[in-house]
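First the proteins, then the strands, lettered A, B, ... as listed; each starts at 1.
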Amino acid sequence: MNESVGQLQQARTADSATIAVVRGEAVTQLPTDLYIPPEALEVFLETFEGPLDLLLYLIRRQNLDILNIKVAEITRQYMGYIDLMQALQLELAGEYLLMAAMLAEIKSRMLLPRPESLEEEEGDPRAELIRRLQEYEQIKTAAEGIDELPRMERDLFDVAASKPDLVKQHADPEVDLKEVLTALAAVLRRAEMFQKHEVKFEPLSVRERMGDVLALVNSQDGFVDFGDLFQPSEGRMGVIVTFLAIMELVREALVEFVQAEAFAPIHVRGASGVVDHAPVFNTNYGGEADSDMEAAVDADADADSDEDR
Amino acid sequence: MDEAQIQRIIEAALLASDGPLTVANLTKLFGPGELDEENATRQVREALKALQEDSADRGVELKRVASGYRYQVRQELSEWVSRLWDEKPPRYTRALLETLALVAYKQPVTRGDIEQVRGVSVSQNIMRTLVERDWIRVVGQREVPGRPSLYGTTKTFLDYFNLQALTELPPLAEIRALIEPALVEPDESITVAVQTTDDPETDPESADVVQLHSGASPSN
Amino acid sequence: MDEAQIQRIIEAALLASDGPLTVANLTKLFGPGELDEENATRQVREALKALQEDSADRGVELKRVASGYRYQVRQELSEWVSRLWDEKPPRYTRALLETLALVAYKQPVTRGDIEQVRGVSVSQNIMRTLVERDWIRVVGQREVPGRPSLYGTTKTFLDYFNLQALTELPPLAEIRALIEPALVEPDESITVAVQTTDDPETDPESADVVQLHSGASPSN
């Protein structure tokens, strides 16, 4: 019997006179190999995490190899505890009784001679118990290992400096091009439900150039030399696209041509909405020609040819 | 206890504490005999001074405030540090994305043109947002009553979506295929999925699935 | 941006942040052009390395854990720093630690698996505590009748125990080691903490801890 249990027992005997205990001596009512006084038994029991833990303790206390359990002896001790707990009317978890039954069964099987064939079939009745004990001890050790790891709040502490005044930053939403295309698909579906005619789109190259031309015309006080709209460096394709863009702008009455007299320089200006200059280029740019023009572009430029009609 | 250790303890305590600590608070951290009994306060003050000098060129500085000493992040770094708390940017509405798509594919267009195709009115707000983002711009006016603005896309728009020119946008045929998927070959269809929000935490190095080796030496 | 400034910003961010930050988090703090576009990650890693070296002799250390980098008080200074608080750090029962160990080493596991190994029922309370601390979480269901939840550990668990990955857990003892009697010292004692229920006056150091000596040596 050790000191702390002794102290505990002394503390407890003050209000519990059921069993007299002499310090350092095993109590007569208890099995001789139990070194725990009954007063301490409840605390003792609470220190175990269950029947496997208690069994492990009993085995370790005898310095026994798990593989070499003297089942009879361990069973006797284990039963001793169970009896004692019941005698003291301690609340006993069902798992302890289950283990008691298992131990009793193993013990009886060890004692009874069995036909060899059956023995081979079922193996050592202790094997399952040993496996469980090993598995449990492994986890018990692992839990102790985790408990020893340096951890926050006990061995390590989080640190923080006080924050500066935060600068409120406004971020623009991110958009994936696919989202834009999905949105377009949705709007096209809707448009086709509501409208008889197909929504018509010009080739994108022309559309883009239309915007550029319009912006250029408007940036130059709405008056630009026709020739200045073309970039010879873009080559034939570029010139055609620009030309188509100007034609389309004229057709949509967004720009108009101005020529002072025959063979004079042609100028392009933002449409005024009022036709007041005498020689104005023909703005009656028909739909048929439109398709021809686009066909021309398609024939020349692969990049544009896949545009939907 | 040597000065370096006193400084280490004070630095650690100031950073671990939830609020500022006074010289008295700090002095109490030391056990009997760890500071000179007569000079304890002076020793702590000297350590604070040394730590203050030491932090002169660092990201945090040791400051004395009304209720004691504390480490604080340098105000001039707040521009960067603030980004830790940046709110996720809001997402654009479907109406805005549709409007943007129509400007891109049908430019130059007026708001009225867009409304006609979408079948619903386009709020001035949407146009303003797109202009402020510098994705669309006014390229002119249509000479009809009211002289509505004509919109086109900008260079910024192309840059944002990583396009050299509008012609790099998928042709409308592909967009239409999104409506009638049956018409395209399965492996030709472009997969269009709205990106789910990315998890900014994701670090490829710290995956959740880890192999457990029992007995193996821990990897770095 | 020069290295010193990158280091200052990263140090400030790590000290201002409420939790660990990944390299990706840190890289995002910088605006366009502030880091080399191609080497941004490497620059951040180098700054972290420099800060780690720089903190070698200070009160706090820069440590990498599962969910990123964080500054923390050096373990050897916890003796002093813990005096800042009156409260004792939380203690965990053996039942909780064994349950945690089973989830950590055998994940994914069901409550039934845990009960099987421990030989006793696992209280709902323990599972709830572990989930609320965000140390374990449900990672799926086992496809058997009743579809019991499968549990696994989280990054928060690793962070709390100062680990980068599960592989850093102490290796599970070999089964063979368990059955060598030589490993058990005769007078090895089991220290067991018994949780008291409600008496706040009780000093945990005295009454609640019972020494159970497995050896036979009687004390005087």
Side-chain angles (χ1 to χ4, degrees), chain B residues 1 4-19 21 25-26 28-31 34 51 54-55 57-61 71-74 76-86 199-220, chain C residues 4-5 7-18 21-25 28-31 34 51 54 57-60 64-68 71-74 76-85 104-107 139 152 154-155 158 163-174:
Chain B
M1 189 178 284
Q5 179 74 348
I6 296 173
Q7 285 174 30
R8 271 193 291 269
I9 291 168
I10 290 178
E11 183 191 27
L14 287 171
L15 281 167
S17 164
D18 293 326
L21 296 174
N25 294 148
L26 290 167
K28 264 186 240 151
L29 296 180
F30 295 89
E34 289 179 345
L51 287 168
D54 179 58
S55 68
D57 197 39
R58 289 180 33 215
V60 292
E61 58 188 335
Y71 274 102
Q72 59 189 41
V73 170
R74 282 182 189 287
E76 63 263 32
L77 299 180
S78 67
E79 180 191 337
W80 291 274
V81 173
S82 293
R83 296 199 182 119
L84 286 174
W85 291 277
D86 268 0
D199 183 4
E201 299 299 319
T202 309
D203 183 350
E205 292 167 14
S206 48
D208 279 332
V209 182
V210 183
Q211 290 285 324
L212 254 186
H213 304 279
S214 67
S217 58
S219 65
N220 294 336
Chain C
Q5 178 73 347
Q7 285 174 31
R8 269 192 295 269
I9 290 168
I10 289 177
E11 184 190 27
L14 288 170
L15 282 169
S17 163
D18 296 321
L21 296 175
T22 62
V23 171
N25 295 149
K28 271 192 221 137
L29 297 180
F30 295 89
E34 290 179 345
L51 288 167
D54 179 57
D57 197 40
R58 290 180 34 214
V60 293
R64 181 174 173 182
V65 289
S67 47
Y71 275 103
Q72 61 191 36
V73 169
R74 269 179 201 292
E76 60 265 32
L77 300 180
S78 65
E79 181 190 338
W80 290 274
V81 172
S82 61
R83 292 187 191 137
L84 285 172
W85 301 283
Y105 285 90
K106 304 281 185 190
Q107 59 190 302
V139 292
T154 63
K155 279 189 189 174
L158 295 171
L163 304 169
Q164 285 185 40
L166 283 176
T167 45
E168 287 187 358
L169 280 172
L172 272 185
E174 295 287 331

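Within the model, atoms CG of Leu26(B) and CH2 of Trp80(C) stand 14.5 Å from one another, a figure rounded to the nearest 0.5 Å. The CZ atom of Arg58(C) sits 4.0 Å away from atom CD of Glu11(B), with the distance rounded to the nearest 0.5 Å.
Only the side chain of Gln5(C) comes within less than 4.5 Å of a heavy atom in chain B; its backbone stays farther off. Heavy atoms closer than 4.5 Å to chain C are found in both the backbone and the side chain of Asp57(B). Contact annotation for Phe30(B): both backbone and side-chain heavy atoms come within less than 4.5 Å of a heavy atom of chain C. Using a 4.5 Å cut-off between heavy atoms, Leu15(B) touches chain C through its side chain atoms alone. For chain C, the nearby part of Glu34(B) is the side chain; its heavy atoms alone come within less than 4.5 Å.
Across Gly59(C) and Ala12(B), no two heavy atoms sit closer than the pair O-CB, 3.6 Å.
Not a single salt bridge (charged side-chain N to carboxylate O under 4.0 Å, His left out) links Asp18(B) to another residue, sequence neighbours left out. For the side chain to side chain contact (heavy atoms under 4.5 Å, CB included) test, residues two or more places apart in sequence or in another chain that qualify with Ser17(B) are Leu21(B), Leu84(C).
Contact count versus chain B (heavy atoms, under 4.5 Å) is highest, among Ser78(C), Ala16(C), Pro170(C), for Ala16(C). Between chain C and the residues Leu77(B), Val60(B), Val73(B), Ile9(B), the most heavy-atom pairs under 4.5 angstrom are made by Ile9(B). Counting heavy-atom pairs closer than 4.5 Å to chain C, the top-ranked of the candidates Ile10(B), Val81(B), Leu29(B) is Leu29(B).
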